[in-house]
Amino acid sequence: MMKIGNHIQTSGSSNSAGNKRKGTSRQLPEIASPNKKLPRHRRGFLRSAIILHGGDLDMKNLPIGVEDFEEIIEGGYYYVDKSLLIKDIMDLPGKIKLITRPRRFGKTLNMSMVENFFSLFKKNDLFEGLAIWDEKAIVKDNYHKWPVVFVSFKELKDTDWERAVVHMKAMLSEVALKYLEYVKNDSDRKFLKRLADIEAYLEEYGTLLKRVTRILHEKFGKKVILLIDEYDVPIEAAYTNRHKDPDYYDNMVAFMRNMLTAALKGNEYLEFGILTGVYRVAKESIFSGLNNLEVFTVFDNAMEMRFGFTEEEIKKLLEYYSLNEEDKKIVDEWYGGFRIGEYAPLYNPWSVIKYIKERIHGRCDPEKAAQSYWINTSSNDIIKEQVEKKTQVKDKLDALLEGKEVKVRLDPWLSLRELEEVPSGVWTLLASSGYLAARYIERKIYTVRIPNKEIEEFFKDVVGVWLKETVGFSGDELYFVLEEMLSDGKVERFKELLDKFIKNSLSYYDFGFEEPERVYKAFLLGMLSIAINGYEVESEMESGYGRLDVVIYPKERRYGSYAAIFEVKRADSEKNLEDLAKQALEQIKGKEYYAKMKEKGYGIIGFGIAFCGKKAMVNSRILY
């Protein structure tokens with residue numbers, strides 16, 4: 001068992017609420033007796049090891065897809081304590097707070113937790129033993145003391161305005177129905193009834209949140225807390241589908257602006273409001289005139305540990321499920337590397353939990369359990385669209401795929417409408433969405449890098465799209481040919497694909513490169529980056545008596561016996577291509593670029609590539 005935390009918490013409680021089975025306890029040091037009175041969410045914790053392939057111990061369920069705080073605590077799910085977010089909300093400035101974080105980073109669960117703490121409609125005691133319970137003054141003044149309205153827009157992902165209107169009315173009708181019982185006069189009752197029955201105009205739904213805050217204030221004599229989750233999902237959907245429905249985006253922005261302005265600007269019945277989303281969308285004037293708005297983005301040093309898992313939380317989580325140091329390494333490489341302000345590393349909660357599920361219930365080894373969970377569930381249409389067509393991303397992708405940081409200009413005041421015109425927009429989009437981790441250098445200048453292997457695979461898929469468009473063969477085809485070459489030393493099929501790749505590639509003018517030699521190295525790196533698990537691609541590696549251009553090699557011998565080294569040269573004339581390609585190949589041998597790979601025990605395949613404009617020559621052979 002890996003000892004990476006201070007303690008292990010293992011539940012003998014239910015697999016789900018209402019289906020409880022008793023666990024078996026072992027007395028171990030520093031752990032309270034299982035019969036001792038504990039807080040509800042800690043009852044039945046025992047210090048013991050899980051039997052991954054069967055056994056008599058029950059563990060707490062993993063909260064996959066469970067975003068309701070009450071259900072998690074009452075249902076005996078594993079919960080990572082983020083309750084000090086409540087203290088941040090009370091301590092940090094701004095009557096209205098907008099918190100932006102990547103998708104599936106715990107925003108909805110956190111808003112549910114905030115609702116359960118403040119809401120006078122909630123009666124269950126769920127917080128005893130959590131960190132916020134030690135903040136006695138906050139608990140005394142606020143616990144179950146306020147009317148709270150919680151609305152989530154996370155499901156509003158419609159493809160056109162007409163469908164969006166139907167969907168929004170249906171969602172907001174549930175809000176009207178929920179608060180109908182608290183109405184004190186006929187006018188409000190008739191209004192909410194019409195909205196609940198979906199018989200009102202869309203404009204009337206836009207005033208609903210403001211009206212509900214007044215109704216609750218009149219009923220309880222207290223101001224209202226308003227929680228709005230994933231406010232930008234319908235705006236992003238409208239932008240993504242703007243080509244299908246030209247008016248969709250403007251209509252959606254106008255509706256959200258009117259609704260949020262009515263609810264948040266100068267609302268005398270409002271105690272405070274919290275909004276969550278991925279994007280700031282400030283320049284759309286959605287928050288026009290909100291002088292009391294404070295924004296907390298991925299670029300800011302605030303609430304940095306409240307969304308996503310910290311390294312300490314990861315250690316305790318893995319230890320709880322009796323996973324080992326190899327698992328920690330896999331989780332670091334695949335799902336860590338995120339950054340909020342100056343705080344790093346953070347981990348993707350969704351992917352980590354799914355990985356643990358595969359390890360335990362799928363009964364597979366760490367390497368097989370390491371898959372792309374977040375990328376395959378997150379809505380990334382807008383990301384794909386921008387990355388696949390933006391020249392500046394293609395220019396820098398080779399360095400990013402090597403694990404390097406690149407310097408870019410970021411504008412936190414992102415407007416989706418401006419993505420087409422503002423060059424920095426795509427970088428802000430990628431950093432805000434979690435596809436790149438950004439580190440501040442100076443005003444609006446940041447370095448960015450790919451956080452982890454899961455997101456690296458996304459970018460490699462993008463490279464696969466470019467390959468298909470450019471040279472007509474798929475990433476899968478290339479991968480299998482690469483695998484064959486590095487395993488068995490069969491060079492010819494890969495050389496054929498490389499020749500085809502070079503002959504059909506676009507010129508450097510199309511990709512914005514000023515140095516012709518760099519474009520071929522970049523294309524080569526992009527092409528080889530399609531090799532995922534089991535292989536490394538590096539450039540400018542010091543080896544022998546110089547720096548080789550590009551090398552690809554297996555991480556372990558089980559993935560192959562050969563390393564392939566590429567040397568790229570530019571010819572002044574097409575007449576010199578053949579001789580220069582031979583020279584490039586001889587340079588690999590003469591300067592012993594193979595030295596490091598040979599020390600590792602690999603056979604060496606050399607590729608000498610010479611080019612002049614779009615004409616190129618490839619010379620290759622097994623050197624050792």
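Starting from 1, each residue takes its place in the sequence as its number.
Without hydrogens or angle criteria, Arg339 side chain to Gly341 main chain gives a donor-acceptor distance under 3.5 Å. Lys97 places a side-chain N or O within donor-acceptor distance of the main-chain N or O of Gly94, the cut-off being under 3.5 Å. The backbone N or O of Glu71 sits less than 3.5 Å from a side-chain atom of Asp68, completing a donor-acceptor pair. In this structure, His144 contributes its side chain and Asn116 its backbone to a donor-acceptor pair below 3.5 Å. Counting only distance, with no hydrogens or angles, the side chain of Tyr248 and the backbone of Asp158 share a donor-acceptor pair below 3.5 Å. Using a distance-only test at 3.5 Å, with no hydrogens or angles considered, no donor-acceptor pair links the side chain of Asp327 to the main chain of Ile330. The closest donor-acceptor contact from the side chain of Thr207 to the backbone of Glu204 lies under 3.5 Å.
Taking the six-membered ring for Trp and the full ring otherwise, the centers of Phe117 and Phe69 sit at least 6.0 Å from each other.
Exactly one residue among Asp229, Ile99, Val114 makes a side-chain contact (heavy atoms from CB on, under 4.5 Å) with Ile274. That residue is Ile99. Partner of Glu135 under the side-chain contact (heavy atoms from CB on, under 4.5 Å) criterion, chosen from Met90, Lys140, Lys87: Lys87. Partner of Ile228 under the side-chain contact (heavy atoms from CB on, under 4.5 Å) criterion, chosen from Val149, Ile96, Leu260: Leu260. Results of the salt bridge (charged side-chain N to carboxylate O under 4.0 Å, His left out) test with Lys154 over Glu67, Glu236, Glu230 single out Glu67 as the only residue that passes. Each of Leu226, Ile225, Ile215, Leu120 was evaluated against Pro147; a single residue qualifies, Leu120, per the side-chain contact (heavy atoms from CB on, under 4.5 Å) test.
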- Could you give me the CA-CA distance, side-chain angles and deciding distance for Tyr355 and Tyr373, then say whether ring pair (Phe, Tyr, Trp, His ring centres under 6.0 Å) is met? CA-CA 8 Å; Tyr355 169 84; Tyr373 300 109; 7.5 Å; no
**Request:** Evaluate ring pair (Phe, Tyr, Trp, His ring centres under 6.0 Å) for Tyr347 paired with Trp334, printing each intermediate quantity in order.
**Result:** CA-CA 9 Å; Tyr347 297 75; Trp334 274 81; over 10 Å; no
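Remark: Arg214 CZ is packed, more than 12 non-hydrogen atoms of other residues, nucleotides or ligands lying under 6.0 Å away. With a 6.0 Å radius and a threshold of 12 heavy atoms from other residues, nucleotides or ligands, Glu333 has its CD atom above the threshold. In this structure, Lys222 places its NZ atom where more than 12 heavy-atom neighbours from other residues, nucleotides or ligands lie under 6.0 Å away. A 6.0 Å sphere centred on NZ of Lys95 holds more than 12 heavy atoms belonging to other residues, nucleotides or ligands. Around the NZ atom of Lys169, the shell of radius 6.0 Å holds more than 12 heavy atoms that belong to other residues, nucleotides or ligands.
The shortest distance between side-chain heavy atoms of Glu218 and Tyr182 does not fall below 4.5 Å. You'll find the side chain of Val224 stays beyond 4.5 Å of the side chain of Glu271, heavy atoms only. Using a 4.5 Å heavy-atom cutoff, the side chains of Ile138 and Tyr143 are not in contact. Under the 4.5 Å side-chain criterion, counting only non-hydrogen atoms from C-beta, Tyr435 is in contact with Ile383.
In this structure, Tyr179 and Phe121 have tilted ring planes: the angle between them lies in the 30° to 60° band. Classified by interplanar angle (parallel below 30°, tilted 30° to 60°, perpendicular above 60°), the ring pair Phe118/Phe272 is perpendicular. Ring-plane geometry between Tyr446 and Tyr440 is classed as perpendicular, the angle between the planes exceeding 60 degrees on a 0 to 90 degree scale with a lower cut at 30.
Remark: Met303 CE to Thr100 OG1 distance equals 10.5 Å, nearest 0.5 Å. Between atom CD of residue Glu313 and atom OG1 of residue Thr310 there is a gap of 3.5 Å, rounded to the nearest 0.5 Å. Atom CD1 of residue Ile198 and atom CG of residue Leu177 lie 10.0 Å apart, to the nearest 0.5 angstrom. Put simply, CD on Glu115 and CE on Met111 are 10.5 Å apart, with the number rounded to the nearest 0.5 Å. Atom-to-atom distance recorded for Asp141:CG and Trp146:CH2 is 9.0 Å, nearest 0.5 angstrom. Taking CG from Leu317 and CD1 from Ile356, the interatomic distance works out to 3.5 Å, rounded to the nearest 0.5 Å.
Remark: the Asp300 side chain and the Thr297 side chain contain an N/O donor-acceptor pair separated by less than 3.5 Å. In the model, Asp197 has no side-chain atom that pairs as donor or acceptor with a side-chain atom of Ser173 under 3.5 Å.
Here the closest heavy-atom approach between residue Tyr78 and residue Tyr321 is recorded as CB-OH, 3.5 Å. For the pair Glu268 and Lys223, the tightest heavy-atom approach, listed with the atom from each and the gap, is O-CE, 3.3 Å. What you find for Trp374 and Glu454 is that their closest heavy atoms are N-OE2, 2.5 Å.
Salt-bridge annotation for Arg306 and Asp81: absent, with no side-chain N of the basic residue lying under 4.0 Å from a carboxylate O of the acidic one. With respect to the salt-bridge test (charged N to carboxylate O, under 4.0 angstrom), the residues Asp332 and Lys329 do not qualify.
In this view, Val298 and Arg101, Pro102, Ile340 satisfy the side chain to side chain contact (heavy atoms under 4.5 Å, CB included) rule, not counting sequence neighbours. Annotation: side chain to side chain contact (heavy atoms under 4.5 Å, CB included) contacts of Asn110 (sequence neighbours excluded): Lys82, Leu85, Met113, Phe307.
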